[in-house]
Amino acid sequence: MLSIKEILDRLYKVKSPAGFEGDIAKVISAIAKENNLEYRTDAMGNVIVHRKGAGKKCLIDAHMDTIGFLATYIDEKGFVRFDTLGGFDLPDIHHVTVEFLNGTCGVISYEQKTDFKDRKVSSMFIDIGAKSEAEAKELILPGDAAVYAGELRELSNGKISAPYLDNRIGVAVALFVICSLKDCEYDVYAAFTVQEEVGLRGAKTAAYGIDADFAIVVDVTDSCDTPGFDGFGEVKMSDGAAIKIMDKAAIAHPAIVSALCETAEHEKIKYTRDIITIGGTDAGSIHTSRSGVPTGGISVPVRYIHSPCEVADMADIEASVKLLVKTLENHAVII
Amino acid sequence: MIETIKELCNLKGTSGWEVAVREYIKKRIKPFATEIREDIMGNLIVFKKGQKRRNNPFMVCAHMDEVGLIIKDITEEGYLSFDFAGGVDRRVIIGKRVLVGEKGIPGIIGMKAVHLTTKEERKKTPKLSELCIDIGCEKKAAAEKLVSLGDYAVFDSPIRELGENKIKARALDDRFGCGVMLKLIESELSYDTFFVFTVQEEVGCRGAEIAAFGVKPDFALVLEATTAADIPVSEGSNKVCVLGKGAVIGCVDGGAIYDKRLFALLRGIAEEKGVSWQIKTRVAGATDARSIHVSRKGVRTTSLSLPTRYIHSPSCVADIRDMESVFTLARELISCEEEKLNA
């Protein structure tokens with residue numbers, strides 16, 4: 001059995017911008033196979049791993065896509081115009097290094113003399129070092145996708161930093177949990193979904209296909225503990241797992257919220273209550289699937305979400321794993 | 001095909017009011033379709049048997065509706081105030097002729113003449129509440145004899161062929177797609193195919209949502225008109241797509257990330273057959289694919305679009321050669337054997 005860190009290391013070997021999740025799907029499928037779990041891929045590209053059980057159907061969801069960049073046009077000098085896959089804060093992408101799926105590297109910059117406040121994605125470009133359109137097109141074509149370049153690094157106090165902790169962390173947690181569950185009667189499905197970052201799209205078809213009795217979404221949430229955050233949210237790094245109360249796309253089902261909170265109290269797992277005021281999660285697509293699915297979530301606090309250097313605490317990840325495992329193994333408490 | 005598209009563009013069919021388009025299509029396809037049905041929202045669902053069966057159903061789709069206006073009040077002086085059905089830029093409607101209601105009552109979207117406006121007024125686009133349709137009536141009662149609240153209006157804009165290979169018409173978005181589907185239905189098909197003429201795309205891809213749920217396809221092809229900005233103010237990637245450069249194969253837009261394998265397949269077919277193609281250079285707009293690709297357990301969806309200038313205005317302009325490119329690629333795609341689609 002791989003550790004969480006080992007799973008993360010394998011996930012960080014591949015890129016998965018929204019719509020281009022093929023490579024990470026292979027890594028997840030391989031890990032499922034090594035653990036003798038059944039898995040399939042649906043028409044959208046979601047990977048669905050199954051751990052059979054006699055009880056009710058539980059869906060654990062973690063999106064496997066990340067935000068990214070899409071090359072849309074290459075000019076005569078070889079500069080690449082792009083658009084974004086998912087939501088960005090423009091300041092985050094000034095002069096960062098990006099890497100296309102085929103390994104081609106580039107740097108994002110902007111048209112000189114544009115005022116910062118007037119800058120838009122359409123006035124920015126990727127410099128891949130090519131001298132001409134023809135030379136650039138040897139390397140990449142319009143329609144190719146890129147992601148932030150960057151590796152998983154360890155900071156002090158058990159903190160880690162990398163791009164795309166959103167949602168490599170969720171994937172690692174969900175995968176680790178479904179592989180390591182022991183005394184669990186639920187019929188557990190883990191859906192590793194595509195295209196969350198562009199509108200919770202993959203979760204819609206995954207939830208329809210699985211037709212679960214309840215669902216728990218594993219994703220990240222803003223850690224409100226850095227300078228300037230005073231007086232904002234409850235969730236802070238190193239305070240444990242964050243139990244979803246609501247986000248912009250869903251209000252968590254009370255039964256799931258209490259099952260998670262009671263488990264955390266009972267097992268003495270550190271937790272906070274998570275209210276996301278910007279952005280939704282896959283819970284939005286899942287809870288209104290078919291005739292409705294009671295849905296909740298566990299979020300891991302992350303600083304600087306959607307930047308090239310997100311930060312998380314391994315201890316919060318471990319707490320989230322424990323909370324999910326204990327909640328599912330103590331099956332009497334849900335629904 | 002071009003004559004069919006012209007006839008379709010002449011029909012009035014604002015979102016929610018597609019009946020004239022639907023009836024025309026029904027009449028045309030009757031001798032060729034295996035089965036025709038209409039669902040509860042008014043989508044026209046056509047099945048046509050091909051030489052061979054498909055195990056994984058294939059659905060081709062285009063929307064019947066167009067953007068337009070809806071009458072929401074009649075003033076004491078007999079003017080009509082209105083709102084839009086679908087996205088229309090207020091700046092393109094001033095001074096334009098419209099046809100109101102089923103009878104096509106002629107009207108003008110008027111405003112004060114240049115002599116009477118101030119410099120400041122001319123800098124701003126008037127709000128919808130400052131605009132009205134003048135149908136020439138002097139009293140509310142007289143107007144009410146011609147127009148009812150809730151009536152739709154379309155732009156009165158004759159179809160013209162322009163310069164080299166260009167055509168100008170009001171409802172190219174998406175009677176063009178309907179025209180391509182009509183020609184496909186009228187031809188011999190290699191495989192069984194569903195053709196769906198949808199309603200209410202322009203107000204949020206609503207018809208396609210229930211059509212896809214009902215048809216349960218495994219594959220879908222959306223035929224659309226898409227925005228081209230190859231006009232003097234735009235350079236490079238801001239042109240989005242260019243007239244005469246061929247069919248736009250769906251890659252990523254605001255509504256969907258199109259199926260990668262079908263994208264590669266279409267690109268391969270285009271290269272092999274020498275059909276010109278392009279992708280959009282901006283992630284903008286959306287098609288019925290938005291609803292279709294996430295239907296049920298997911299539908300592998302692609303699109304072929306016609307680059308169209310001044311889309312959602314009274315005068316859309318497109319290139320007849322691009323129409324042929326879309327038709328050829330659509331025909332080739334629905335003739336592909338299942339192994340190729342699943343490759």
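In this text the structure is predicted, and so the values were computed from the model without any measurement. Protein chains get the first letters and strands the later ones, always in sequence-line order, with residue 1 at the start of each.
- Considering every non-hydrogen atom in both A:G143 and B:C251, the closest pair reads CA-SG, 3.8 Å.
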### CA sep, side-chain torsions, deciding dist, call: A:T72, B:R282, side chain to side chain contact (heavy atoms under 4.5 Å, CB included)
CA-CA 6 Å; A:T72 55; B:R282 290 279 293 280; 5.6 Å; no
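- Within the model, atoms OG1 of B:T281 and CG of A:D83 stand 9.0 Å from one another, a figure rounded to the nearest 0.5 Å.
- Open room surrounds NZ on A:K26; 12 or fewer heavy atoms of other groups in view lie less than 6.0 Å from it.
- Heavy atoms closer than 4.5 Å to chain B are found in the side chain of A:L85, but not in its backbone.
- Residue contact with chain A, scored on non-hydrogen atoms closer than 4.5 Å, involves the backbone of B:V299 exclusively.
- Note that CG of B:N238 is 9.5 Å distant from OH of A:Y73, once rounded to the nearest 0.5 Å.
- Within the 4.5 angstrom heavy-atom criterion, only side-chain atoms of A:R81, from C-beta onward, approach chain B.
- In this structure, the separation between NZ on A:K204 and CZ on B:R296 is 11.5 Å, given to the nearest 0.5 Å.
- Within 6.0 Å of CD in B:E235 there are 12 or fewer heavy atoms belonging to other residues, nucleotides or ligands.
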#### Entry: Intermediate values then yes/no, side chain to side chain contact (heavy atoms under 4.5 Å, CB included), B:I257 and A:Q195
CA-CA 8 Å; B:I257 297 174; A:Q195 302 186 28; 3.7 Å; yes
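- When all heavy atoms of A:A43 and B:G298 are compared, the pair lying nearest together is CB-O, 3.4 Å.
- Of all heavy-atom pairs spanning A:T205 and B:S295, the tightest one is CG2-O, 4.4 Å.
- Enclosure of atom NZ in B:K260 by more than 12 non-hydrogen atoms of other residues, nucleotides or ligands within 6.0 angstrom is indicated.
- Per-residue counts of heavy-atom pairs under 4.5 Å with chain B were compared for A:A18, A:G209, A:G199, A:G19; the largest is that of A:G19.
- In this structure, B:K297 contributes its side chain and A:D42 its backbone to no donor-acceptor pair below 3.5 Å.
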